[in-house]
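This report concerns only the one structure given below.
Within every chain, numbering begins at 1; the chains are lettered A, B, ... in the order of the sequence lines, protein sequences first and strands thereafter.
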Number of protein chains: 2
Amino acid sequence: MSAHIALTQNEIDALARLEERNRTLKRGSVLRRSSDSGNELFVLRKGCMMTYVILGDGARQILRFHFPGDMLGLSSILYEEAPETICALSECVVCPFEKSGLSELVETHPRLAAMILVYGQIERIALTDRLAALGRTSAKARVGSLLLELRNRLRAADREIGDSFALGLTQEEIGDATGLTAVHVNRMLRQLEEEGMIARTGGRVTIRDEIALTAASNYVDRHRGLDLAWLPKGR
Amino acid sequence: MSAHIALTQNEIDALARLEERNRTLKRGSVLRRSSDSGNELFVLRKGCMMTYVILGDGARQILRFHFPGDMLGLSSILYEEAPETICALSECVVCPFEKSGLSELVETHPRLAAMILVYGQIERIALTDRLAALGRTSAKARVGSLLLELRNRLRAADREIGDSFALGLTQEEIGDATGLTAVHVNRMLRQLEEEGMIARTGGRVTIRDEIALTAASNYVDRHRGLDLAWLPKGR
DNA sequence: CGAACTATTGATGCGTTTCAAGACGCGTGG
DNA sequence: CCACGCGTCTTGAAACGCATCAATAGTTCG
C-alpha cells in the first residue's frame, strides 16, 4: 500500500495488527470453499493463490489470481455463503483476521478503508479487462494476455523477475482462467512459441517479444497510471 | 442504500448533498468517453445506462448495466484516463459531483464510504458471474441470464414490474454484452421462445418459465442474501 | 415518405471443442 | 533401483457451435 500513498506510523501499525497471525498452506489446499460461511478475511503474505467457481455441469472458471499483498475473501464476507472458492497455487502464507477488524479499520482509519475500496476498484477493472478478453478476443490473445499479466504481477512482488518466470500453472488451469480447453491452450502456446513471441523450457516461460505479444493480446497493465491524489491527507 | 442499513439523519443529509445538481441525458449520449480525464462522479437517479470498452479491432464489449441508485464513474477517477465509456440507454437523470466530495465523505462518514466499498464488491461479484458465463456457458445460457438480470434489476427499481418488461436493448447490444453476434442473439431468443421459457411482443419480453430459464442459465441473483451486520453502527 | 437502423432467416466457413492415443515426468512402494 | 501409476503435455481427426456473409422485411424518426 505504501507504494501508492504515504502512510502514517499509526496507519502502518494498524495494518501490522491485521497480520499478527499466520497460517501456511500447501499447493492445492483450499482456504475457503464456495458455500462456506465466511467470517474471516485474509492478507496473502507469500505465494500465489486463485479463486474460482464450479458451475452446475462441473466446469470450472478461474476468476482471478492473487499475489503477495492482496486482501482475500472480501467478497465472501458480504454473503452468508461464500460465492467463490479460494485455493493455493503454491506454498503460501496467509494472515487471517476477523470481519470486525475491518469494521474497526473503517472507523479508526477511514483513509485505509478508502484504500481498500480503491484496490477493490482496481481488481474490478482488471475483471472488466478479462471480461472483454473472454467476450471479444481470440484464444491466442487470451493466453497471451494471461502470460503478460502473470509476469507483471510476479514482477511487482519480486523486482528480480525479468522476462523469464516460472509459470506455476498447469495448462488446464490456464484453460479454466481463459475459458478454453487444456488442449487448445497447448496449441496456442505452441503457436506463440513458433511465432517467436515466447519461449518455453520446463515449467518456465520467457517473453521474447513483449511488444508483439502485447499488441496481439490487447493487453493493458492496470497497476500503472494510478492517480490517488484526491484521497484525504494522512493524520 | 437505506434498503441495506439504517441510515442516520446526518448520513441521509450527506448523501443528499451529493445529489444537489442534476443533468439529463438522451438515449445514446455519452456521459464519459474512454480516455477522457475523469474528475467527476455521478449518481444515476433515473433511467438505464451502460459501460463499455471498444477494443483495437473495433469490437465492443459491454461491461455492465446501471440502474437508478448506482454510483457511476468510480473506476474512472482512479486513473488519469478513464478506462471505460459510459453511455445512456434511455432518457436519464444523473447527479454529478466532484472527487473531493467522495474524499470528504470518507473522512466525515466512514460508514457511508464503507457502504460504497460494499457496493463495489457486489458489482465485482456480478462481474465474476458474467466472467464465468462468458468463459464456460453456452450462448443460450448467456442470453437467458442477461434477461433474468435485467428483469431483477428493473424490478428492484420499480416494484410494479412482474414477469414482463420493456427490454430497452437492441439485439446488437445484447450481443455486445454477452460476447455474441446480433445474429446469434436473435436465434437464441427465438429458441428460448420456442421452448416456452420466454415470450416476445414488440420490444417487451415476458418470462414465462422462470424456473426453467434460471436452471438453463446458471443464474444467481447477487442482490439477495447480503449480510452487512458487521458494519459499524451509525452515529 | 424516405433514410437509417433493427430484426429475421438461410447458407457457408472457421475456430474451438471433443475424443482418442501416446509420450513424458514424477513420486511411491516393492 | 526399478516398476508402476498417475497426472500433465502433446498431437491428430472429426464434430459442433458460433461467426460471417448476404438478402429481405419491419420499424423509427426526421
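D:dT10 atom C1' lies 15 Å from atom CD of A:Gln191, rounded to whole Å. Taking atom CD1 on A:Ile174 and atom C1' on D:dT10, their separation rounds to 14 Å, with Å as the unit. Taking atom CD on A:Glu172 and atom P on D:dC6, their separation rounds to 17 Å, with Å as the unit.
Under the 4.5 Å side-chain criterion, counting only non-hydrogen atoms from C-beta, B:Leu31 is not in contact with B:Thr85. When side chains are defined from C-beta on, B:Val53 counts as touching B:Leu55, because their heavy atoms get closer than 4.5 Å.
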Can I get a per-line list of side-chain donor-acceptor pairs under 3.5 Å for residues 188-195 of chain A, giving both atom names and the distance, sequence neighbours left out?
from     : atom 1 : to       : atom 2 : distance (Å)
A:Arg190 : NH1    : A:Glu194 : OE2    : 3.3
A:Glu193 : OE1    : A:Arg200 : NE     : 3.2
A:Glu193 : OE1    : A:Arg200 : NH2    : 3.1
A:Glu193 : OE2    : A:Arg200 : N      : 3.3
A:Glu195 : OE1    : A:Lys140 : NZ     : 3.1
A:Glu195 : OE2    : A:Lys140 : NZ     : 2.9

Can you list, pair by pair, the side-chain donor-acceptor contacts under 3.5 Å of residues 88-99 of chain B, counting residues two or more places apart and other chains?
from    : atom 1 : to       : atom 2 : distance (Å)
B:Ser90 : OG     : B:Cys48  : N      : 3.0
B:Lys99 : NZ     : A:Asp227 : OD2    : 3.3

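Each of B:Met71, B:Arg64, B:Arg222 was checked for a side chain to side chain contact (heavy atoms under 4.5 Å, CB included) with B:Glu123, and the lone residue meeting it is B:Arg64.
With sequence neighbours left out, B:Arg130 forms a salt bridge (Lys or Arg N to Asp or Glu O under 4.0 Å) with no residue at all. Evaluation of the salt bridge (Lys or Arg N to Asp or Glu O under 4.0 Å) rule for A:Arg27 yields A:Glu173 as partners, not counting sequence neighbours. With sequence neighbours left out, the ring pair (Phe, Tyr, Trp, His ring centres under 6.0 Å) criterion links B:Tyr219 to no other residue. Applying the salt bridge (Lys or Arg N to Asp or Glu O under 4.0 Å) criterion to B:Arg153, with sequence neighbours excluded, gives B:Asp70. Here A:Arg23 pairs with A:Glu40 under the salt bridge (Lys or Arg N to Asp or Glu O under 4.0 Å) rule; sequence neighbours left out.
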Contacts under 3.5 Å, N or O only, protein and nucleotides 25-27 of chain D:
none

List, with names and distances, any nitrogen or oxygen atoms from the protein found under 3.5 Å away from nitrogen or oxygen atoms belonging to nucleotides 8-18 of chain C.
from   : atom 1 : to       : atom 2 : distance (Å)
C:dT8  : OP2    : B:Gln171 : NE2    : 2.6
C:dT8  : OP2    : B:Asn186 : ND2    : 2.7
C:dT8  : OP2    : B:Arg200 : NH1    : 3.1
C:dT8  : O5'    : B:Asn186 : ND2    : 3.2
C:dT9  : OP2    : B:Arg190 : NE     : 3.1
C:dG10 : N7     : B:Arg187 : NH1    : 3.4
C:dG10 : O6     : B:Arg187 : NH2    : 3.4
C:dA11 : N6     : B:Arg187 : NH2    : 3.2
C:dT16 : OP1    : A:Ala139 : N      : 2.9
C:dT16 : OP2    : A:His184 : NE2    : 3.4
C:dT17 : OP1    : A:Gly179 : O      : 3.4
C:dT17 : OP2    : A:Thr181 : N      : 3.3
C:dT17 : OP2    : A:Thr181 : OG1    : 3.2
C:dT18 : O4     : A:Arg187 : NH2    : 3.2

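Atom CZ of B:Arg155 is surrounded by more than 12 heavy atoms from other residues, nucleotides or ligands within 6.0 Å.
A rotation axis mapping the C1' atoms of four pairs onto the next four is fitted at both ends of the helix from C:dC1-D:dG30 to C:dG30-D:dC1 over five pairs, and the angle between these axes is 40° to 10 degrees.
At a non-hydrogen distance threshold of 4.0 Å, nothing from residues 53-63 of chain A comes into contact with DNA chain C.
Residue pairs that meet the side chain to side chain donor-acceptor pair (under 3.5 Å) test with at least one member in residues 46-58 of chain B, sequence neighbours left out, are B:Thr51-B:His66.
Here the CG-CG distance, from A:Leu63 to A:Asp176, works out to 10.5 Å after rounding to the nearest 0.5 Å.
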